[in-house]
Participant: 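Please see the structure below; I have some questions.
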Amino acid sequence: MAKIMAMVRVLLDGSVQPPDVVEGIRKALQSVGANLERYEENPIGFGITALNVILTAPEEDGITDRIMDTLQGVEGVSSVELEMVSRAG
């Protein structure tokens, strides 16, 4: 089955530690069959941090919607934005 690769920008609540949220994201993605491949922390200011998350998932109808809904439900996540989706070999 083909896979997709997606980059998602995740804004965190100011009161959480990024490593804690990353672990929650990793577990949540597994529930929809996706894998967190890597991430990068980007401090924005005023105590707010954004994570640029690269993930892979099976190419299925509605998978990006399920991923976005799942990420939004992770504790410490303020908002999520899909930056890019591509088919991965």
Side-chain angles (χ1 to χ4, degrees):
M1 176 184 285
K3 290 190 168 235
I4 62 161
M5 181 175 282
M7 184 168 72
V8 180
R9 182 178 171 100
V10 180
L11 289 178
L12 307 182
D13 292 335
S15 61
V16 297
Q17 295 297 316
D20 296 336
V21 178
V22 168
E23 190 56 37
I25 289 172
R26 191 179 307 277
K27 289 178 183 175
L29 287 174
Q30 289 175 351
S31 72
V32 293
N35 294 310
L36 188 148
E37 299 296 331
R38 63 183 180 270
Y39 71 95
E40 179 180 288
E41 291 181 33
N42 292 318
I44 294 175
F46 305 105
I48 298 172
T49 301
L51 299 175
N52 290 331
V53 175
I54 305 292
L55 58 93
T56 57
E59 185 177 27
E60 301 172 354
D61 284 339
I63 189 69
T64 54
D65 290 334
R66 290 196 308 270
I67 289 169
M68 300 302 280
D69 291 342
T70 299
L71 290 176
Q72 190 65 52
V74 173
E75 186 174 341
V77 171
S78 175
S79 68
V80 294
E81 181 179 340
L82 185 62
E83 297 280 325
M84 187 262 322
V85 177
S86 178
R87 193 169 199 193

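Not measured: the values here are computed from a predicted model.
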Participant: Do you know the tightest heavy-atom contact between Leu51 and Pro18?
Facilitator: CD2-CB, 4.3 Å
Participant: How long is the gap from CG on Leu55 to NZ on Lys3, to the nearest 0.5 Å?
Facilitator: 10.5 Å
Participant: Considering all heavy atoms of both residues, which atom of Ala57 and which atom of Ile67 are nearest to each other, and what is their separation?
Facilitator: CB-CD1, 3.8 Å
Participant: Ile25 and Leu82: same hydrophobic cluster, using ILVMFWY side-chain contacts below 4.5 Å?
Facilitator: yes
Participant: Which residues satisfy the side-chain contact (heavy atoms from CB on, under 4.5 Å) test with Glu60, sequence neighbours excluded?
Facilitator: Met1, Pro58, Ile63, Arg66
Participant: Where is the tightest heavy-atom contact between Leu71 and Val80, given as atom of each residue plus distance?
Facilitator: CB-CG1, 3.8 Å
Participant: Treating Ile, Leu, Val, Met, Phe, Trp and Tyr as nodes and any side-chain heavy-atom pair under 4.5 angstrom as an edge, say whether Met5 and Val8 lie in one connected cluster.
Facilitator: no
Participant: Spell out, yes or no, whether Val10 and Ile44 are grouped together once hydrophobic residues are joined by side-chain heavy atoms under 4.5 Å, including indirect joins.
Facilitator: no
Participant: Between Val53 and Val85, is there shared hydrophobic-cluster membership here, with clusters defined by ILVMFWY side-chain heavy atoms closer than 4.5 Å?
Facilitator: yes
Participant: Return the OG to CG distance between Ser79 and Leu12, rounded to the nearest 0.5 Å.
Facilitator: 9.0 Å
Participant: Scan for side-chain hydrogen bond (donor to acceptor under 3.5 Å, both in side chains) pairs involving residues 5-24, sequence neighbours excluded, and state none if there are none.
Facilitator: none
Participant: Only pairs at least two apart or in different chains count here, so list each side-chain hydrogen bond (donor to acceptor under 3.5 Å, both in side chains) that has a residue in residues 34-57.
Facilitator: Glu37-Thr56
Participant: Using the rule that two of Ile, Leu, Val, Met, Phe, Trp, Tyr join whenever any of their side-chain heavy atoms come within less than 4.5 Å, decide whether Val21 and Leu11 are in one cluster.
Facilitator: no
Participant: Could you state the interatomic distance from CD (Glu83) to CD1 (Ile54), rounded to the nearest 0.5 Å?
Facilitator: 9.5 Å
